[in-house]
**Student:** 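Please read through the structure below; I'll follow up with questions.
Letters A, B, ... are given to chains in the order of the sequence lines, protein chains preceding strands, and every chain is numbered from 1. In this text, all values refer to a predicted model and were calculated from it rather than measured experimentally.
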There are 2 protein chains.
Amino acid sequence: MANKARPIEGCDCTVIHEVIVNLVREKMPQEETLYDLAELFKVFGDSTRIKILWALDEAEMCVCDIAVLLNMTQSAISHQLRVLRQSNLVKNRREGKVVYYSLDDEHVRQIFNQGLIHVNEEK
Amino acid sequence: MANKARPIEGCDCTVIHEVIVNLVREKMPQEETLYDLAELFKVFGDSTRIKILWALDEAEMCVCDIAVLLNMTQSAISHQLRVLRQSNLVKNRREGKVVYYSLDDEHVRQIFNQGLIHVNEEK
DNA sequence: TGAACAGTTGAACAAGCGTTCATATATATT
DNA sequence: AATATATATGAACGCTTGTTCAACTGTTCA
């Protein structure tokens with residue numbers, strides 16, 4: 001159900017803006033949706049995970065490969081891969097002792113590219 | 001300058017994957033670029049800031065308006081607006097006592113929309 | 001000038017997060 | 001069965017972060 005307009009009890013200035021505030025309130029997506037969105041971006045908000053995703057966008061790799069590539073411990077990489085797995089951003093397949101990881105989402109690249117545009121504009 | 005291929009000293013399996021690892025290494029963007037990208041997503045990784053950005057995408061609003069809209073203290077909103085300002089995501093203008101904030105980046109909506117696609121796919 | 005209002009800022013606190021270390025699991029090899 | 005390799009996991013540790021509280025700045029109006 002849509003959010004209903006309701007009496008404002010804030011600053012004086014907001015009383016004047018009542019119409020606008022209520023209009024924005026109606027247009028806002030569901031609380032839960034915005035929360036999920038923040039959770040997704042939180043996952044992107046770590047350079048180790050960004051690097052992992054970027055690497056996996058180039059090629060399927062095993063945990064050990066990624067650790068060498070990023071010059072980090074295998075444990076640290078494994079922990080981060082779990083986060084990425086739980087966010088449905090990567091998938092894995094086992095081949096003997098080796099577990100290969102790959103991207104599980106084709107939007108990642110587009111999201112990153114949009115982000116890069118902003119980053120590069122700041123110069 | 002591009003990253004150079006270098007001898008692998010990791011797990012046995014990575015020695016086998018040496019060619020791939022070095023290929024990915026060459027294709028990775030600069031360390032600093034990936035760091036900046038993570039910093040940007042870190043800003044998006046908080047539901048309060050997501051809500052503020054979403055609201056400002058609908059209409060220019062003053063600090064007090066946002067506080068009422070999100071049912072939070074004005075101080076908390078002001079702190080978050082500072083973060084958004086420092087990331088060049090919002091701008092402000094003063095009109096008497098009131099400071100109005102608005103979006104300062106047209107990519108935000110596109111980044112959010114891409115994120116929403118992922119979020120909605122998980123169902 | 002002084003009171004009221006809108007917003008900002010710094011310190012403090014709890015909660016969350018990323019890495020490390022030690023250990024556990026799973027598979028392959030001998 | 002015992003060993004080695006590849007990965008996963010839990011606890012612990014320091015660091016970061018979001019909110020609150022109190023104090024401060026800046027503007028308007030009487």
**Student:** Rounded to whole angstrom units, what separation is found between the CG atom of A/Asp12 and the C1' atom of C/dA4?
**Tutor:** 9 Å

**Student:** Which listed nucleotide (D/dT19, D/dG18, C/dT8) is nearest to the side chain of B/Arg49?
**Tutor:** D/dG18

**Student:** C/dA6, D/dT5, C/dG10: which one has an atom nearest the side-chain heavy atoms of B/Lys97?
**Tutor:** C/dA6

**Student:** So does B/Ser75 get a side-chain nitrogen or oxygen closer than 4.0 Å to the phosphate oxygens (OP1/OP2) of D/dT19?
**Tutor:** no

**Student:** What is the distance, to the nearest angstrom, from the CZ atom on A/Phe41 to the P atom on C/dG16?
**Tutor:** 22 Å

**Student:** C/dA6, OP1 or OP2 - any side-chain N/O from B/Tyr101 closer than 4.0 Å?
**Tutor:** no

**Student:** For the residue pair B/Phe44 and B/Phe112, does the interplanar ring angle fall in the parallel (under 30°), tilted (30 to 60°) or perpendicular (over 60°) class?
**Tutor:** perpendicular

**Student:** Does B/Gly45 or A/Asn92 map to a spot on DNA chain D nearer the 5' end, using the closest nucleotide for each?
**Tutor:** A/Asn92

**Student:** Tell me the interatomic distance from B/Arg82, atom CZ, to D/dT25, atom C1', rounded to whole angstroms.
**Tutor:** 15 Å

**Student:** For C/dT20, does OP1 or OP2 lie under 4.0 Å from any side-chain N or O of A/Thr73?
**Tutor:** yes

**Student:** State which of C/dT20, C/dC5, D/dA8 makes the closest approach to the side chain of A/Ala76.
**Tutor:** C/dT20

**Student:** Looking at D/dT19 and B/His79: do their rings stack (centroid distance under 5.5 Å, interplanar angle under 30°)?
**Tutor:** no

**Student:** Tell me what B/Ser78 touches on the nucleic acid: a base, only sugar-phosphate, or nothing, going by heavy atoms under 4.0 Å.
**Tutor:** base

**Student:** Write down the distance between CD (A/Gln74) and C1' (C/dT19), rounded to a whole number of angstrom.
**Tutor:** 13 Å

**Student:** Specify whether B/His107 and A/His118 have parallel, tilted or perpendicular ring planes, treating 30° as the upper limit for parallel and 60° as the lower limit for perpendicular.
**Tutor:** perpendicular

**Student:** Would you mind reading off the distance between B/Ile66 atom CD1 and C/dT8 atom P, rounded to a whole angstrom?
**Tutor:** 9 Å

**Student:** Quick check on B/Glu106: does its CD atom have over 12 non-hydrogen neighbours (other residues, nucleotides or ligands) under 6.0 Å away?
**Tutor:** yes

**Student:** Tell me the closest heavy-atom pair linking B/Leu84 and B/Val43, and the distance in Å.
**Tutor:** CD2-CG1, 3.6 Å

**Student:** Once you apply a heavy-atom cut-off of 4.0 Å, does B/Tyr100 come out as touching a base, just sugar-phosphate, or nothing?
**Tutor:** nothing

**Student:** Strictly below 4.0 Å: does B/Gln80 bring a side-chain N or O up to OP1 or OP2 of D/dT19?
**Tutor:** yes

**Student:** D/dT25 P sits how many Å from B/Arg94 CZ, rounded?
**Tutor:** 14 Å

**Student:** Flag yes if more than 12 heavy atoms outside B/Arg109 fall under 6.0 Å of its CZ atom; otherwise flag no.
**Tutor:** no

**Student:** Take the protein atom NZ of B/Lys51 and the nucleotide atom C1' of D/dT19, then report the distance between them rounded to whole Å.
**Tutor:** 14 Å

**Student:** Rounded to whole angstroms, how far apart are CD1 on B/Ile77 and C1' on D/dG18?
**Tutor:** 11 Å

**Student:** Look at the side chain of A/Val99 and decide which nucleotide, out of D/dA8, C/dG7, C/dT27, has an atom nearest to it.
**Tutor:** D/dA8

